[in-house]
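Everything on this sheet refers to the single structure shown next.
Protein chains get the first letters and strands the later ones, always in sequence-line order, with residue 1 at the start of each. What you see below is based on every heavy atom in this structure, not just the backbone, and it leaves out hydrogens, waters and symmetry mates.
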Amino acid sequence: MMLSDILAIALVASVCAGLMAGYPVALTLGGISLAFAALAHLAGVMDFGLIGALPQRIYGIMTNEVLLAIPLFVFMGVMLERSRIAEDLLEAMGRLFGSLTGGLGISVALVGTLLAAAKGVVGATTVTMGLITLPTMLRHGYDKRLAAGTVAATATLAQIMPPATVLVVLGDQLNNSYQSAQLAKGTFAPNSLSLGDLFAGAIIPALMLVGLYLLYLIAIAIWRPHLSPAIAPDGSARKGRALVRELSEALFAPVLLIVAVLGSILGGLATPTESAAIGAFGALLLTARKINRAGSWPILACALALVLILILRALHIEQSGRAIMGALAAVVAAGALFAADRVWRAGILTSVMTKTTQISAMIFTILIGATLFSLVFRGLGGDDLVHRGLGDLSGGPGAAILIVMVALFLLGFVMDVFEIVFVVVPIVAPVLLALPGISPVWLGIMIAINLQTSFMHPPLGPTLFYLRGVAPREISTMDIYLGIVPFVLIQLLALVLLWFVPSLATWLPSALYGH
Amino acid sequence: MLEKLANRIDWLNAAIGRTVAWLTLGIVFVGFAVVLMRYVFSAGSIWLQESILYGHAAIFMLAAAWTLAANGHVRVDIFYAKATPRTKAAVDVIGTLVLLLPFSITLFVLSMPYVMRSWAIMEGSREASGLPAVFLLKTMIPVFAILMALQGLAQLARAAIVLRQPR
């Protein structure tokens, strides 16, 4: 083993150890990598000038059009969180299904799934879900462990339910790896992996997970009914038509938004960045209407104008109707300003902008630190080391992937998802994607579900900590740990299914895009 | 004295951060406008599209230091969360001296020639109708380094105050 190899291994080990101290991850990555670059330069195994590429790389991050979707999706998610649309939804669903055994738990799982798709950030989803649903479930006599497990598991769906932020960054990193793997094999017109491919690939596995969760909850309701009792009917509760109206109103907005965002990406109508802008814009309108139902006519006019624009466009009269189109666009603009003003007056806009800015800064600063890390790691020949290590395995591609999956699973305990995607994926993915018969979509979904599982795995899964932070006192940490176990088993089952039936992930993208 | 310095730096970064936070609303509106223009009026504007990219870059490059001040950067807090204020202050002192400051200073030094070259030709967009301000975009890199280093000094001052208190 050469000195540079030893330094490459020491770099990884030092980063892992350094992270434990608790200093911000982005700076730990950058600082330690810098120290190793200096050390390697002094030892004569790497030219320090290599890291001179850093400004150019950072400029590349700043002008990356795919990553531009991140602040827009974060804006949409934080806006929906602050609008409290989720609370309405849960209340209405609980009333509809609550009178059945297990009904409240199933409502929680369904609302959690919708919320996860709308938010795309696990921490935010766990906190909201925990705060709203845990006290309700406990009050109605739900088993503490079942309640905690349901919330923690559904909240982690935010990792893989498109348009999850994690999938955006994972898609970008995998695409880079895919291209370099093909170039290394001598394919000079490489295929690319689009974000649409990854989103489409995630849909069936994500829905499969939801289905498995629901089956588990139904099984509990049948065989252990005392764990998830029916809610005694409340005399004041609305029934029949009023209830259906309430539910459809609560459901309509978020579902419409998610369908618009996902539909426009998957249908090839809009790039992910464009549909993220549509989603963020829609979330703003919905929130403004939610603040005050009465006096929302400018927002309704704005929505109506948008619909009219789409109709006129479909009728191809945009040439003769330019003046009409212009007028409609003006109505849209006026409605948007009205909505922003109202959300601002309600004190929501400032906090949404602050949160969006800080979450984006957090993600991108990690990316900047990770960029220096990969420059140095590659400079030390670390990628060759990984290549040799994984290539020498006797078990072939299957063994290599299995080892990477186990490693990612363990890393998920100590590292944040963005660190793993920015640091580990660029190291291992080019090697794996160069193996015969490995589809990038399948690999991406395996990685995403694997990380999602590790996020809820006791004792270190971060979701469990988020939940601990907001759970009522009567739920002990041990209750959370034990409650999540059945869901972790479900996750592992899903991974096994995906392992043996890769078409679960690859069928939809190839059906949609034909490759 | 230390407290005053830390407050000044906090104030500066918060002022910058709150200002660029408005760009999040800006990119949502401009982004939506670009979609409308493209699909409805079949008109594209490279100028508008690039302005979204500029806004996006400014958000994270200029607000990273504010995020540091607000403790918004992810930490692995398995041990940190349970540590005493003194231990936390010690981690912050060491981290700032060994990690943040060397990283920021190196990035500043590395990026200056890169940015100077861009300024020398007043580098503009590669597209004919794009924004003629790539040199300003690139300038955000050393500015990021400076703001981070300054916020590091503020953290250092705050931690020093904690450490100087008698146990």
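Residue B:Leu68 touches chain A through its side chain alone, counting heavy-atom pairs closer than 4.5 Å. With a 4.5 Å cut-off on non-hydrogen atoms, A:Leu372 touches chain B through its side chain but not through its backbone. Contacts of A:Val332 with chain B are made by side-chain atoms alone, with heavy-atom separations under 4.5 Å and no backbone atom involved. In this structure, chain B has heavy atoms under 4.5 Å from both the backbone and the side chain of A:Tyr59. With a threshold of 4.5 angstrom between heavy atoms, B:Met148 approaches chain A through side-chain atoms but not through N, CA, C or O.
The two residues A:Ala361 and B:Ala64 come nearest to each other via the heavy atoms CB-CA, 3.9 Å. Counting all heavy atoms, side chain and backbone alike, B:Leu110 lies closest to A:Gly52 at CD2-CA, 3.9 Å. The shortest non-hydrogen separation linking B:Leu137 to A:Met62 is O-CE, 3.2 Å. For the pair A:Pro24 and B:His73, the tightest heavy-atom approach, listed with the atom from each and the gap, is CB-CB, 3.8 Å.
No side-chain heavy atom of B:Phe60 sits under 4.5 Å from any side-chain heavy atom of A:Thr357. A heavy-atom distance below 4.5 Å is not found between the side chains of B:Leu36 and A:Phe281. Using a 4.5 Å heavy-atom threshold, the side chains of A:Leu72 and B:His56 count as separate. B:Glu50 is not listed as a side-chain neighbour of A:Thr63, based on a closest heavy-atom distance of 4.5 Å or more. Counting heavy atoms from C-beta on, the side chains of B:Thr96 and A:Tyr23 come closer than 4.5 Å.
Within the model, atoms OG of B:Ser111 and CD1 of A:Ile58 stand 7.5 Å from one another, a figure rounded to the nearest 0.5 Å. Taken from CD in A:Glu65 to CD in B:Gln49, the straight-line distance is 6.5 Å, to the nearest 0.5 Å. One finds the CZ atom of A:Arg57 at 12.5 Å from the CD1 atom of B:Ile141 (value rounded to the nearest 0.5 Å). To the nearest 0.5 Å, atoms OG1 (B:Thr67) and CD1 (A:Ile359) are separated by 10.0 Å. For the atom pair A:Glu274 CD and B:Ile52 CD1, the distance stands at 8.5 Å (nearest 0.5 Å). In this structure, B:Ile59 CD1 and A:Ile70 CD1 are separated by 11.5 Å, a value rounded to the nearest 0.5 Å.
Taking a 6.0 Å sphere around CZ of B:Arg8, one finds it holds 12 or fewer heavy atoms contributed by other residues, nucleotides or ligands.
Of the listed residues A:Leu54, A:Ile61, A:Ile278, the one with more heavy-atom pairs under 4.5 angstrom with chain B than any other is A:Ile278. Chosen from A:Ile366, A:Thr350, A:Leu306, the residue pairing most often with chain B at heavy-atom distances under 4.5 Å is A:Leu306. Between chain B and the residues A:Met20, A:Gln358, A:Met362, A:Lys355, the largest count of heavy-atom pairs under 4.5 Å involves A:Gln358.
Among the residues in residues 16-35 of chain B, those with a non-hydrogen atom closer than 4.5 angstrom to a non-hydrogen atom of chain A are B:Val20, B:Ala21, B:Trp22, B:Thr24, B:Leu25, B:Ile27, B:Val28, B:Phe29, B:Gly31, B:Phe32, B:Val35. Within residues 27-35 of chain A, the residues having any heavy atom less than 4.5 Å from a heavy atom of chain B are, in residue-number order, A:Leu27, A:Thr28, A:Gly30, A:Gly31, A:Ile32, A:Leu34.
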